[in-house]
Number of protein chains: 2
Amino acid sequence: MISQSPEGVDQLAVRLISQGSRFARTASRRAGEQRSLIALRVLANLQQEGDLRVGELARRETISQPAMTATVNRLEEDGLVARAADPADARAAIVRITDAGGAELEAFRMRAAAGVRPALEALGEDDLAVLGRAAALLQQLADRLNDR
Amino acid sequence: MISQSPEGVDQLAVRLISQGSRFARTASRRAGEQRSLIALRVLANLQQEGDLRVGELARRETISQPAMTATVNRLEEDGLVARAADPADARAAIVRITDAGGAELEAFRMRAAAGVRPALEALGEDDLAVLGRAAALLQQLADRLNDR
DNA sequence: GGAAAGTATATACACGGTCTATGTAAATCG
DNA sequence: CGATTTACATAGACCGTGTATATACTTTCC
């Protein structure tokens, strides 16, 4: 029996924040990742969604616009993304992922998967299904929190 | 049918890292949290486990010992934790949570819960159960990744 | 069509958070 | 008891992030 009382829901919120951040940090570190998780998420966004503006990237990842400008600068210096002028709006900077950026993203995915796989493989199918569904729910929740 | 092929498990690892970090950041920001998630996790650790050494805190949270020293310094400056000498080992510094630290932790929990509750309440019981189980699994996975 | 307001991005500056390398003191071991 | 190991702190460097502000462009409204 799952409690839907405020206490239950509130405890769940805190646990998800706390355990989500700890897991992401631990797993990323275990993958030997140098780049920030934000930078990797920017690459993933660009790969999935196509070219995006700096402001749109900042909005999606819930960091400030200057922070995103700095992130894009670092990625651009390393050749992982490229800036282009928006033909429809000369103020805007359109960010595009480069081939090198795609390769870097793929390399991270391999390293992360290799680092976490042993722990995941110890789980049963039921638990893997739970985690798969949870990943989708976390995305949905973050989207919803982001909208307002 | 859940695929247990390497591809499925590997994609799951990457999604959990990516969505876990994004959700934690988005929700924490929405709660208007100033303090870092690491600092909050330190307070939570101390509250749940009792007094802990600096090195033990660093090990649990998978950050370097100097980083944990700095985190404890900041918490100590704000009066949220206190250092004490270990009677059994004069090298060690035992960290204890103060009343103010407990209050701060509780305040964060309230803010975080209030921020996330609307999104959680839109979910059904099944999804809440999935998230509850997932939080426990993420903790277990992080523990396991941490052990080696 | 021109001034005022709004929007997209960049820059400046400050500080927190993290790392590696190293220092210091205490405990342990041979 | 001397050498090694352990626990923590300090030093120095750099990334990541925020707020405040500047710059350039676009939109709106007489």
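All heavy atoms count here, side chains included; hydrogens, waters and symmetry mates do not. Within every chain, numbering begins at 1; the chains are lettered A, B, ... in the order of the sequence lines, protein sequences first and strands thereafter.
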Classify [X] by what it touches in the nucleic acid, base, sugar-phosphate, or nothing, heavy-atom distance under 4.0 Å.
X       : result
B:Arg35 : nothing
B:Arg25 : nothing
B:Asp86 : nothing

Taking only the side-chain nitrogens and oxygens of [X], find out if one of them lies under 4.0 Å from OP1 or OP2 of [N].
X       : N      : result
B:Arg83 : D:dA9  : yes
B:Ser36 : C:dG16 : no
B:Arg74 : C:dG16 : no
A:Arg91 : D:dT23 : no
B:Thr69 : D:dC8  : no
A:Ser64 : D:dT17 : no

Whole angstrom is fine here: how far is it from [atom1] in [X] over to [atom2] in [N]?
X       : N      : atom1 : atom2 : result
A:Asn73 : D:dC15 : CG    : P     : 12 Å
B:Ile63 : C:dC19 : CD1   : P     : 6 Å
B:Arg53 : D:dA9  : CZ    : C1'   : 15 Å
B:Glu61 : C:dG17 : CD    : P     : 14 Å
B:Glu76 : D:dC8  : CD    : P     : 13 Å
A:Gln34 : D:dG16 : CD    : C1'   : 15 Å
B:Leu75 : D:dA9  : CG    : P     : 13 Å
A:Glu33 : D:dC15 : CD    : P     : 15 Å

Does a side-chain N-to-carboxylate-O contact under 4.0 Å join B:Arg15 and B:Asp10?
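No.
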Does a salt bridge link B:Arg60 with B:Asp143, judged by any charged N lying under 4.0 Å from a carboxylate O?
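Answer for the salt bridge query: no.
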Run the side chain to side chain contact (heavy atoms under 4.5 Å, CB included) check on A:Glu104 and A:Arg35 step by step: do they pass?
CA-CA 10 Å; A:Glu104 177 92 0; A:Arg35 224 166 282 276; 3.1 Å; yes
Taking atom types as modelled, is there a side-chain donor on B:Asn45 or B:Glu56 under 3.5 Å from an acceptor on the other?
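Result is no, nothing qualifies.
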Check: A:Thr62/B:Arg29 side-chain N/O donor and acceptor closer than 3.5 Å
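A:Thr62 vs B:Arg29: no donor-acceptor pair found between side chains.
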Taking only the side-chain heavy atoms of A:Ala92 (C-beta and beyond), determine which of D:dG18, C:dT18, C:dA8 contains the nearest atom.
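Selected nucleotide (nearest to the side chain): C:dA8.
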Does A:Gln65 contact C:dA8 through a side-chain donor or acceptor facing the base, at a distance under 3.5 Å?
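Absent.
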Pairwise 5' ranking along DNA chain D for A:Ala90 and A:Ala67, keeping only the more 5' one:
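In this pair, the answer is A:Ala67.
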Using heavy-atom distances to pick each residue's nearest nucleotide on DNA chain D, tell me which of B:Ala70 and A:Asp89 is more 5'.
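The answer here is B:Ala70.
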Trace of the side-chain hydrogen bond (donor to acceptor under 3.5 Å, both in side chains) decision for B:Ser21 with A:Arg41:
CA-CA 10 Å; B:Ser21 68; A:Arg41 284 202 47 82; 5.3 Å; no
